[in-house]
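Notes follow the structure.
Read the numbers this way: they start at 1 and go in the same order the structure lists the ligands and their atoms. Quick note: residue numbers are just sequence positions, from 1.
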Amino acid sequence: MTKKVYFNHDAGIDDLVSLFLLLQMDEVELIGVSVIPADGYLEPGISASRKIIDRFGNGAVEVARSNSRGVNPFPKEWRMHTFYVDALPILNESGVVTAPESDLPAHEHLIKAVRENPDKTTLLFTGPLTDLARALEIAPDIQAKIEKLVWMGGTFLEVGNVQEPEHDGTAEWNAFWDPWAVSTVWASDLTIEMVALESTNQVPLTLSVRNQWASLRRFTGVDFVGQCYAACPPLVHVETNSTYYLWDVLTTATIGKKELVKMKEVKSIALTEAPSQGRTLLSEQGRPVSVVYDVNRDAFFDYITGLAKLA
Ligand code: AGV
Ligand code: CA
């Protein structure tokens with residue numbers, strides 16, 4: 001049976017690679033895409049998404065733009081990556097963009113897609129949860145039609161990946177961008193699978209990963225993935241604030257192949273106040289979430305490279 005998936009992403013490199021990979025999964029039917037301008041810019045994010053759907057999908061998936069804005073902005077250097085993917089020659093070869101753009105804002109587009117789907121929808125979010133929180137506020141009825149939320153975000157580690165003034169470093173960025181959205185989604189009845197830093201820390205972009213893709217560049221899709229990640233610095237000596245992990249790609253891969261990861265159920269609360277804005281914390285008073293805490297690294301890279309070869 002095919003899974004019906006709605007994808008909301010925030011236009012980073014791994015968000016856009018995730019869209020490409022989703023389009024290669026036989027068992028996934030993508031029923032809508034929306035873009036939120038968090039870790040990327042909106043115009044190139046919409047445009048790159050439509051071009052990826054044209055080039056690597058069947059061109060029929062609708063793309064919606066978000067009008068949500070966060071409280072803690074991402075660094076501009078990271079956000080600039082969206083322009084680079086949008087300009088890749090392989091996405092501009094045809095000279096036309098045909099994938100349809102919705103005139104609804106992302107959160108309303110999500111509501112419509114979920115309501116119109118005769119089956120339950122799996123939500124895949126690889127950026128902040130703002131559009132989902134807004135959708136739940138105006139249309140709580142959609143919860144009954146949502147299979148689950150699969151989210152790249154959060155961590156229960158002591159050290160997250162936010163290094164900003166006035167923050168204690170305990171949060172993951174997607175949660176930090178809009179901490180109130182996490183808290184709203186935590187207050188819902190949704191089933192939540194969190195692909196947290198515990199597992200994404202195990203899949204950094206390294207030189208050997210990059211070289212492996214380069215050796216397979218005769219496959220158009222593998223070349224595309226290599227070209228996208230060429231914008232990011234690889235992990236060579238020690239981890240830095242700009243070290244790139246395959247955060248969203250791992251999250252997306254769990255939808256196609258859940259055997260790649262290990263998951264456990266915990267109880268969690270979401271903090272909204274300084275200095276721990278966006279921290280997800282284990283607490284017996286919290287709501288249940290399944291957290292992905294381990295990944296079979298080699299099987300993961302084999303899986304995504306195999307998918308890319310299909311394109
Ligand atoms: O925190 C991980 C999230 C993922 O959704 N993003 C990047 C992924 O798309 C934010 C982020 C954290 N560190 C970063 C990030 C970095 N060094 N470069 C770009 N984005
Ligand atoms: Ca992202």
Side-chain angles (χ1 to χ4, degrees), residues 7-22 33-42 44-46 48-49 52 66 68 70-85 106 123-132 149-157 159-164 167 169-179 181-182 193-206 225 228-236 238-255 277-280 291-292 295 304:
F7 182 32
N8 180 283
H9 72 75
D10 69 342
I13 296 288
D14 60 339
D15 296 87
L16 293 164
V17 171
S18 295
L19 173 60
F20 159 71
L21 292 172
L22 269 181
V33 171
S34 46
V35 184
I36 182 169
D39 196 12
Y41 284 93
L42 192 55
I46 293 285
S49 298
I52 289 169
S66 172
S68 301
V71 286
N72 295 304
F74 276 96
K76 185 176 177 184
E77 301 78 65
W78 297 353
R79 301 189 69 206
M80 291 302 290
H81 288 154
T82 323
F83 287 97
Y84 168 88
V85 177
L123 299 180
L124 171 62
F125 272 64
T126 58
L129 293 176
T130 318
D131 289 323
L132 176 55
L149 164 68
V150 179
W151 181 44
M152 190 291 122
T155 184
F156 299 114
L157 300 172
V159 180
N161 64 4
V162 172
Q163 294 168 15
E164 290 284 303
H167 194 266
T170 53
E172 179 282 328
W173 258 105
N174 289 337
F176 177 63
W177 194 78
D178 186 352
V182 184
E193 284 179 16
M194 196 173 127
V195 182
L197 298 180
E198 283 79 342
S199 55
T200 60
N201 280 347
Q202 298 173 38
V203 287
L205 176 69
T206 59
V225 172
C228 287
Y229 278 104
C232 313
L235 176 61
V236 182
V238 292
E239 194 203 353
T240 70
N241 189 33
S242 53
T243 302
Y244 219 85
Y245 297 84
L246 277 80
W247 303 277
D248 299 349
V249 170
L250 175 60
T251 309
T252 303
T254 68
I255 291 201
Q277 282 202 310
R279 181 175 189 183
T280 44
V291 56
V292 169
V295 48
I304 61 167

Ile13, Thr243, Asp14 screened by side chain to side chain contact (heavy atoms under 4.5 Å, CB included) with Cys232, the one that passes: Ile13
Closest protein heavy atom (residue, atom, distance) for atom 12 (C) of ligand 1: Asn161 ND2, 3.5 Å
Residue pair Val295 / Ser199: nearest heavy atoms and the distance that separates them: CG1-O, 3.6 Å
Where ligand 1 meets Thr243 - atom numbers and elements under 4.0 angstrom, heavy-atom basis: 17 (N)
Verdict with reasoning, Trp173 to Trp78, per ring pair (Phe, Tyr, Trp, His ring centres under 6.0 Å): CA-CA 12 Å; Trp173 258 105; Trp78 297 353; 5.8 Å; yes
Heavy-atom nearest neighbour in the protein, as seen from atom 17 (N) of ligand 1, with distance rounded to 0.1 Å: Asn241 O, 3.1 Å
Side chain, backbone, both or neither: the part of Asp39 lying under 4.0 Å from ligand 1 by heavy atom: side chain
Residue Thr126, metal the Ca ion (ligand 2), N/O/S under 3.0 Å: yes
Geometric class of the Tyr41/Phe83 ring pair [parallel <30°, tilted 30-60°, perpendicular >60°]: tilted
Heavy-atom closest contact (Ala171 atom, Arg279 atom, distance): CB-N, 3.8 Å
Plane angle bin for His9 and Phe7 - parallel if under 30°, tilted between 30 and 60°, otherwise perpendicular: tilted
Atoms of ligand 1, numbered as shown, that sit under 4.0 Å from any heavy atom of Asp14: 8 (C), 9 (O)
Check: Asp248 N/O within less than 3.5 Å of ligand 1 N/O: yes
Minimum heavy-atom distance Trp151-Asn174, with the two atoms named: CZ2-CB, 4.1 Å
Proximal ligand 1 atoms for Met152, defined as those under 4.0 Å from one of its heavy atoms: 2 (C), 4 (C), 5 (O)
Minimum-distance pair of heavy atoms, taken over all atoms of Tyr244 and Gly12: OH-C, 4.3 Å
Side-chain donor/acceptor of His81 to backbone N/O of Gly40, under 3.5 Å: no
Residue portion contacting ligand 1 (non-hydrogen atoms closer than 4.0 Å) for His81: neither
Tyr244 neighbourhood, listing ligand 1 atoms whose heavy-atom distance to it stays under 4.0 Å: 18 (N), 19 (C)
Name of the Asp248 atom (N/O/S only) found closest to the Ca ion (ligand 2): OD2
Atoms in ligand 1 flagged as close to Ser242, the criterion being non-hydrogen separation under 4.0 Å: 17 (N)
Nearest neighbour in protein (non-hydrogen) for atom 1 (O) of ligand 1: Glu172 OE2, 2.5 Å
Exercise: identify the closest heavy-atom pair between Asp10 and Pro128: OD2-CD, 3.5 Å
Shortest heavy-atom approach to atom 19 (C) of ligand 1 - which of Tyr245, Trp173, Trp78: Trp78
Atom name, Asp10 (N, O or S, nearest to the Ca ion (ligand 2)): OD1
